[in-house]
Peer 1: 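Have a look at this one.
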Amino acid sequence: VQSRERGELALYQSAGGRLTRAWVRDAPGEATLLHASPDSALVHWAQDAGGVIERVSLVDGRREWRIGPLGEVLGSMVERAAGTPARAHDRGEFLAPIDGAVSPSSIVHAIGEQTLVICDRAGRAAAFDLSSGRQLWTQRTRLARVHDLDVGSGVVAIGGEVFNADATQAPTIVALDARTGEVISPIEGVSSQVRWVRVAGSGDLIAGLSGAVVSMNVVEGRINWVMSGLATESSRGAFLFDDTIVIIDADRELWVGDTTDGRLSALELDTHGRVRPTGPVNARRLGDRILISGEGGVAIFKPDGSLVGMDALDTQGGVLPVGVTRDALALVEVRPPGERSVAQLHLLSAGSAKLLSTHELPLYDTPSMVTCVDGFVLVSVGGATMVVPAPADDD
């Protein structure tokens, strides 16, 4: 838990049905949790020059290693040779297909099984070992504009554009070995703008292009399959679950596909308004099922796209991103500031999205975040955190 007012970061543990503070330490900036394991957390501290990334021990809060400032790590690479085409950092801000206007110096990151990868929007990348923080490699890639980054199964995938000698732009994808930074194989003939990239558990690269979704075998440098049609044109992203891919289309409708053969469902997932056209959408594994959540609520599906259940709430004002406990889903309705001094916290079954209970939370500010831990629901409200026990699910 971070307290901005006190400039502190603290860890709380459940004991005897209560949350007690295990440790507290100084917070050198705004904290973003990037990754958590049973014994440590990876935190990004927002500071100048891209900030720093720190691995924090969950036992006592001490720093195990630190990387950064990230901008200086990437900026230390040798500048381009004279006479080569100008790169993005020579040209100023540009439009990334999913993220909109970005600065060439802004940094994206991805976390794999053993590797942390950072990359600026101008194509300068570096990788670090998650356990030790040791720098594994730095690489000035071919890319002049980076649209997306992913890492998994030993592969780093970076999608974007290069500038040709005549200053025209060409869509490009780079696949690197996650531990050495070496190019695995050239990916030739990318047919249209690269919007997003994902690395499947098999090590294959899946890319959302402006005209299709494509799977590539990066070792052999060949195309596995192509998904085409309205569902895949200008798609906004995708979630991977084993052999299942959930694609977000241009209108934020969701489609289920099979990553082994490229088959796409004939109909979109019907979330009945749980995912809204202008709001965020998230998907996560929930046992052997897939939880879809958005501003309108939640829906649970099987990997084949068949509906298991969805909430029956009327959340016209929208909900915060859902919190998940072992047995329950936590939804907090978002209301305009000053409209009500009480918010509704709904606890739903994690198995079926059936309503288990509703709690009224007295508020002095607008709630901003819901987190679940060890059978408790934590709701961030201004500078305070409200704690509500989550009931067990009998489903």
Side-chain angles (χ1 to χ4, degrees), residues 95-100 108 110 112 143 145-153 155-162 169-176 184-271 275 277 280-285 290 292 294 301-306:
L95 290 176
I98 305 299
D99 299 323
V108 292
L143 294 165
R145 290 178 172 176
V146 169
H147 297 166
D148 199 18
L149 164 72
D150 195 25
V151 59
S153 301
V155 176
V156 176
I158 312 175
E161 295 175 331
V162 297
Q169 302 159 24
T172 301
I173 300 173
V174 173
L176 308 175
I184 296 175
S185 68
I187 298 176
E188 305 293 347
V190 179
S191 59
S192 58
Q193 183 187 58
V194 183
R195 299 177 60 81
W196 52 265
V197 291
R198 301 288 186 270
V199 179
S202 62
D204 289 343
L205 189 156
I206 300 176
L209 310 181
S210 59
V213 172
V214 180
S215 170
M216 309 173 189
N217 183 311
V218 296
V219 175
E220 300 178 10
R222 59 174 173 81
I223 302 294
N224 294 322
W225 48 256
V226 177
M227 291 180 182
S228 58
L230 292 177
T232 59
E233 290 181 4
S234 300
S235 58
R236 302 186 60 86
F239 303 95
L240 295 179
F241 305 99
D242 296 327
D243 295 335
T244 299
I245 183 171
V246 179
I247 297 172
I248 311 169
D249 73 12
D251 298 321
R252 294 183 187 273
E253 300 286 356
L254 304 178
W255 301 77
V256 172
D258 189 321
T259 60
T260 61
D261 57 16
R263 286 184 296 113
L264 188 65
S265 58
L267 297 173
E268 71 272 21
L269 295 181
D270 191 353
T271 66
V275 176
V281 56
N282 192 32
R284 61 174 291 171
R285 187 187 301 277
I290 297 173
I292 304 293
F301 294 89
K302 293 181 180 178
D304 63 4
S306 57

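Sequential numbering from 1 along the given sequence is applied to the chain's residues.
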Peer 1: Arg198: which residues meet the salt bridge (Lys or Arg N to Asp or Glu O under 4.0 Å) condition with it, sequence neighbours left out?
Peer 2: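 Arg198 satisfies salt bridge (Lys or Arg N to Asp or Glu O under 4.0 Å) with Asp148 once adjacent residues are dropped.
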
Peer 1: Distance from Arg284 atom CZ to Ile292 atom CD1, nearest 0.5 Å?
Peer 2: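 Between atom CZ of Arg284 and atom CD1 of Ile292 there are 11.5 Å.
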
Peer 1: Within the structure provided, determine whether Leu264 and Thr232 are in side-chain contact (heavy-atom separation under 4.5 Å).
Peer 2: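 A side-chain contact exists here, since the closest heavy-atom pair is under 4.5 Å.
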
Peer 1: Return the CE to CD1 distance between Met216 and Ile187, rounded to the nearest 0.5 Å.
Peer 2: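 Output value for this atom pair is 5.5 Å.
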
Peer 1: Looking at every heavy atom in both Met227 and Ala212, which two are closest together, and how far apart are they?
Peer 2: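 Taking Met227 first and Ala212 second, the nearest heavy atoms are O-CB, 3.2 Å.
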
Peer 1: Is there a donor-acceptor contact under 3.5 Å from the side chain of Ser234 to the main chain of Asp249?
Peer 2: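 Answer holds: no.
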
Peer 1: Considering residues at least two apart in sequence or located in another chain, which fulfil the side-chain hydrogen bond (donor to acceptor under 3.5 Å, both in side chains) criterion with Ser235?
Peer 2: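 Once residues adjacent in sequence are excluded, the partners of Ser235 under the side-chain hydrogen bond (donor to acceptor under 3.5 Å, both in side chains) criterion are Trp196.
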
Peer 1: With the side chain counted from C-beta on, respond yes when Val194 and Thr172 share a heavy-atom pair under 4.5 Å apart, and no when they do not.
Peer 2: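 Result no, sub-4.5 Å side-chain heavy-atom pair not found.
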
Peer 1: Between Leu269 and Val256, is any pair of side-chain heavy atoms under 4.5 Å apart?
Peer 2: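 They are in contact (side-chain heavy atoms under 4.5 Å apart), so the answer is yes.
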
Peer 1: Are Gln169 and Gln193 close enough that some pair of their side-chain heavy atoms sits under 4.5 Å apart?
Peer 2: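 Answer no - side chains too far apart.
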
Peer 1: What's the spacing between Arg236 CZ and Ile247 CD1 if we round to 0.5 Å?
Peer 2: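 If I round to the nearest 0.5 Å, the distance is 14.5 Å.
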
Peer 1: Search all heavy atoms of Gly211 against all heavy atoms of Ser192 and return the closest pair with its distance.
Peer 2: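 Where Gly211 meets Ser192 most closely, the heavy atoms are N-OG, 3.4 Å.
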
Peer 1: Using 0.5 Å steps for rounding, measure from the CZ atom of Arg285 to the CZ atom of Phe241.
Peer 2: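 Between Arg285 CZ and Phe241 CZ, I get 7.0 Å after rounding to 0.5 Å.
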
Peer 1: I'd like to know whether Ile206 forms a side chain to side chain contact (heavy atoms under 4.5 Å, CB included) with Val197, so could you lay out the CA-CA distance, the side-chain angles of the two residues, the decisive distance to 0.1 Å, and finally the verdict.
Peer 2: CA-CA 6 Å; Ile206 300 176; Val197 291; over 6 Å; no

Peer 1: To the closest 0.5 Å, what do you measure between CH2 (Trp225) and CG (Asn217)?
Peer 2: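 If we round to the nearest 0.5 Å, Trp225:CH2 and Asn217:CG are 13.0 Å apart.
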
Peer 1: Can you name the closest pair of heavy atoms from Ile173 and Ala207 and give their distance?
Peer 2: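 Reported closest heavy-atom pair: CD1-CB, 3.7 Å.
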
Peer 1: Can you name the closest pair of heavy atoms from Val199 and Gly152 and give their distance?
Peer 2: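 Heavy atoms only, the tightest pair is CG1-O, 3.1 Å.
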
Peer 1: Could you tell me whether the side chain of Ile184 reaches within less than 4.5 Å of the side chain of Val155, counting heavy atoms only?
Peer 2: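 Val155 vs Ile184: side chains touch.
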
Peer 1: Using a 4.5 Å cut-off on heavy atoms from C-beta on, say whether the side chain of Trp255 contacts that of Val246.
Peer 2: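 The answer is no, as the side chains (C-beta and beyond) never meet within the 4.5 Å cut-off.
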
Peer 1: Is there a side-chain contact between Val213 and Val226 (heavy atoms, below 4.5 Å)?
Peer 2: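 Val213 does not reach Val226 side chain to side chain.
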
Peer 1: Provide the full list of salt bridge (charged side-chain N to carboxylate O under 4.0 Å, His left out) pairs with a residue in residues 255-267, sequence neighbours left out, each pair given once.
Peer 2: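 Matches after skipping sequence neighbours: Asp258-Arg263, Asp261-Arg263.
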
Peer 1: For His147 and Glu161, run side chain to side chain contact (heavy atoms under 4.5 Å, CB included): C-alpha distance rounded to whole Å, both residues' side-chain angles, the deciding distance at 0.1 Å, then the answer.
Peer 2: CA-CA 8 Å; His147 297 166; Glu161 295 175 331; 3.8 Å; yes

Peer 1: Who passes salt bridge (Lys or Arg N to Asp or Glu O under 4.0 Å) against Asp99, sequence neighbours left out?
Peer 2: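 Salt bridge (Lys or Arg N to Asp or Glu O under 4.0 Å) check on Asp99 returns Arg121.
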
Peer 1: If you look at every heavy atom in Ser153 and Ala200, which pair is closest and at what distance?
Peer 2: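 Where Ser153 meets Ala200 most closely, the heavy atoms are OG-O, 3.2 Å.
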
Peer 1: Answer yes or no: is there a side-chain heavy-atom contact under 4.5 Å between Ile290 and Phe239?
Peer 2: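 Side chain of Ile290 against side chain of Phe239, heavy atoms only: no contact under 4.5 Å found.
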
Peer 1: Going from CG on Leu209 to OG on Ser228, what distance comes out if it is rounded to the nearest 0.5 angstrom?
Peer 2: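 Going from CG on Leu209 over to OG on Ser228, the span is 11.5 Å.
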
Peer 1: Would you list the pairs meeting salt bridge (charged side-chain N to carboxylate O under 4.0 Å, His left out) in which at least one residue belongs to residues 204-220, sequence neighbours left out?
Peer 2: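 Of all non-adjacent pairs touching residues 204-220, those that pass salt bridge (charged side-chain N to carboxylate O under 4.0 Å, His left out) are Glu220-Arg222.
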
Peer 1: side-chain hydrogen bond (donor to acceptor under 3.5 Å, both in side chains) with Ser265: which residues, sequence neighbours excluded?
Peer 2: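 Once residues adjacent in sequence are excluded, Ser265 has no partner under the side-chain hydrogen bond (donor to acceptor under 3.5 Å, both in side chains) criterion.
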
Peer 1: Can you tell me if Ile223 has over 12 outside heavy atoms packed within less than 6.0 Å of its CD1?
Peer 2: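 Yes - once you tally the heavy atoms of other residues, nucleotides and ligands closer than 6.0 Å, there are more than 12.
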
